Amino acid sequence: MTLDQALAFGILGVTVGLFAWGRLPYDLVAMLALLAGLVTGIVPAHGAFTGFSDDIIVIVASALLVSAAVARSGAVERLMRPVLPHLTSVSTQVPVLVAAVMAASVVTKNIGALAIFMPVALQLARRTGTSPSALLMPMAFASLLGGLVTLIGTSPNIIVSRVREQITGEPFRMFDYAPVGAALALAGLIFLSFGWRLLPRGRQGTAGQAAMAIEAYTTETRVPAESPMVGKTIAELVAMGEERVTVATMLRDRFRRETPPGEVVLKAGDLLILEGDPEELEALVARAGLILVGEKPTGGEDVPEDEKAVVEGVITAESPLVGATPAGASLAGRFGVSLLAVSRRGSRIAERLNTLKLRRGDVAILKGEAARLPDTLAALRILPLTERGIALGRSRRSWIPVIILAVAMGAVALNLVPVAVAFFAASVLLLLVRALTPQEAYNAVEWPVIVLLGALIPISEAVHSTGGTELIAGWLSGAIEHLPPMGALGLIMVASMAVTPFLNNAATVLMLGPIAGSLAQRLEMSPDAFLMAVALGAACDFLTPIGHQCNTLVMGPGGYRFGDYWRLGLPLSLIVLLVGVPMIALVWPLHAP
């Protein structure tokens, strides 16, 4: 072992140790590793930041942005709406949600697919009394399995494609992963449809607690002439909202009817006081083409829609709004905010919001210029609640993000443009059509993961350039020379699975990918199978909540503990091993022709 190799392995060992220790953020550990590489000289100064210009950075960031736009579009909820009323028990909910998340993970980043369906699952759990703990972990694992099918489904696939290009000159293509990934996804779907019974029952998570503690919101809407509900009855409007939104009051000209009967026919210009959960209100307003009356011009210079935000807050006893009406307080003119909805514990609101006398303890949804909102809330003595992603008043429901994603996928599948170019172009178009605001786009990108990748790529290359990968491959080849080829392949997958929970799937592939490629060449085998084994092992982290962001995302909402993951994850990992190794050997022959 040379000095440079010893330094590279030393930095790598300390990095892995710090990752496992878990006291420092992953991105900070990666930056420390890069700094150590620069100080010791194994990473040349001119190549220190080449990782941040790598195509991987563009692909991962763009995939997250596209996923966020698809989630905001509401297309998924519309596709799921006909199915949801039939999901009345856990035994039907788990297979459908697992299959849906898997399908979405094929075309979007797995964490984006999970984020799209989590609100659907939580609403379904509240409506049917199902414990979220029975739904969320199977969905998280399903997102990991679905991501195995395509190049963009998960970061390990993207990184392994790059490693293959370095070794053979050709990267893996968009659907090269599909035969093995689809087989594993099918096996996982069958297992998770029954395996959810291994999870603890009745856990209460943090998801929706704020929503559960707040009674239904009331908002005021107008039926415009172009609304599809003109000429339809109130009963049809309520049915469109799946009977989860009620019409508290209807005002037509000077006539007012509280709880109007369902046979009343709606006309253009009717005012409707609606009551329900913010998510349900937003969905009905969007589908029925209604207009939020409370969303008024806020005075002063026109503020672009992209620069507005929606917040939820409690009116405190010291607020100047107590005892006042929104009109009397001139919320729009003096403070630059619009009142979109109000929730009042213990009583039902059946009057117009503009003339409603506000009380201490009322919970309000306000919309205004994002930069001014903190100062406005302070001046109004309104206590902001924990961010819940309120969509009311800022929905941009459209099929455009789905169409743009489909075009990008098609361009990559037909080899018209590289993956990075296709998804970069998709991101730019989504911003151009305002499917996301620039701020929402920046928020959608997981910057710690981007920093981790950019910082560790030079370290991974340093291990390779110093001959470290060849050295480890030589050790491993000696250790497994007596194993059959399938045994060697299985050992690589097990090693990848074992390291990922304590490291990070991206870091695992960056470190093990070149080693697996060198090992295959030493054994005179095709590197494709070994690289696939590394990708599958790194992507299938089912044992801890920290190895993958999808597992971390469901921990709080599902009420899970650290030790809950292996109960469902260990048998699923064995299934991946038993199905994955033969499938890899079948699709990617171990010996090159």
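Here the structure is a predicted model, which is why all the values come from computation and not from measurement.
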List the residues meeting side chain to side chain donor-acceptor pair (under 3.5 Å) with [X], not counting sequence neighbours, and say none if there are none.
X	answer
Thr355	none
Thr246	none
Glu351	none
Glu236	Thr233

Arg197: what forms a salt bridge (Lys or Arg N to Asp or Glu O under 4.0 Å) with it, not counting sequence neighbours?
none
Across all chains, not counting sequence neighbours, the salt bridge (Lys or Arg N to Asp or Glu O under 4.0 Å) partners of Asp176 are none
[X] side-chain N/O to [Y] backbone N/O, donor-acceptor pair under 3.5 Å:
X	Y	result
Trp447	Tyr442	yes
Glu220	Leu353	yes
Ser143	Ala140	yes
Ser319	Ile382	no

On a heavy-atom basis, which atom in [X] and which in [Y] lie closest, and how many Å separate them?
X	Y	value
Ala288	Ser227	O-OG, 2.6 Å
Val66	Ala426	CG2-CB, 4.1 Å
Phe117	Ala104	CE1-CB, 3.6 Å
Ala125	Leu135	CB-CD1, 4.2 Å
Leu430	Leu65	CD1-CD2, 4.2 Å
Val94	Pro138	CG1-CB, 4.2 Å

Stepwise side chain to side chain contact (heavy atoms under 4.5 Å, CB included) check, Ile365 with Thr219:
CA-CA 9 Å; Ile365 295 179; Thr219 192; over 6 Å; no
Applying side-chain contact (heavy atoms from CB on, under 4.5 Å), can you list everything that pairs with [X], at least two apart in sequence or on another chain?
X	value
Val238	Ile234, Glu243, Val247
Pro320	Leu380, Arg381
Asp270	Val223, Met250, Arg252, Leu266, Lys267
Ala185	Met102

Distance (rounded to the nearest 0.5 Å) between [X] [atom1] and [Y] [atom2]:
X	Y	atom1	atom2	result
Phe141	Leu189	CZ	CG	15.0 Å
Leu192	Met139	CG	CE	11.5 Å
Met137	Leu199	CE	CG	5.0 Å
Thr218	Glu275	OG1	CD	4.5 Å
Leu251	Glu258	CG	CD	9.0 Å
Leu429	Ile400	CG	CD1	10.5 Å

Would you please test Trp196 and Gln93 for side chain to side chain contact (heavy atoms under 4.5 Å, CB included) and show each step?
CA-CA 11 Å; Trp196 60 267; Gln93 291 166 359; over 6 Å; no
Side chains of [X] and [Y], heavy atoms from C-beta outward: is any pair under 4.5 Å?
X	Y	value
Leu144	Thr154	no
Met240	Met229	yes
Asn157	Thr150	no
Leu148	Leu145	yes
Leu292	Lys367	no
Val342	Val363	no
Leu184	Tyr177	no
Leu274	Leu290	yes

Is it the case that more than 12 heavy atoms not belonging to Phe191 sit under 6.0 Å from its CZ atom?
yes
Take His86 and Val96 through the test side chain to side chain contact (heavy atoms under 4.5 Å, CB included) and record every step on the way to the result.
CA-CA 10 Å; His86 304 288; Val96 172; over 6 Å; no
Without placing hydrogens or testing angles, list every side-chain donor-acceptor pair under 3.5 Å for residues 324-331, not counting sequence neighbours.
from	atom 1	to	atom 2	distance (Å)
Thr325	OG1	Gly328	N	2.9

Stepwise side chain to side chain contact (heavy atoms under 4.5 Å, CB included) test for Phe335 and Leu366:
CA-CA 11 Å; Phe335 298 98; Leu366 301 169; over 6 Å; no
Any residue meeting ring-ring contact (aromatic ring centres under 6.0 Å, His included) with Phe423, in chain and number order, not counting sequence neighbours:
none
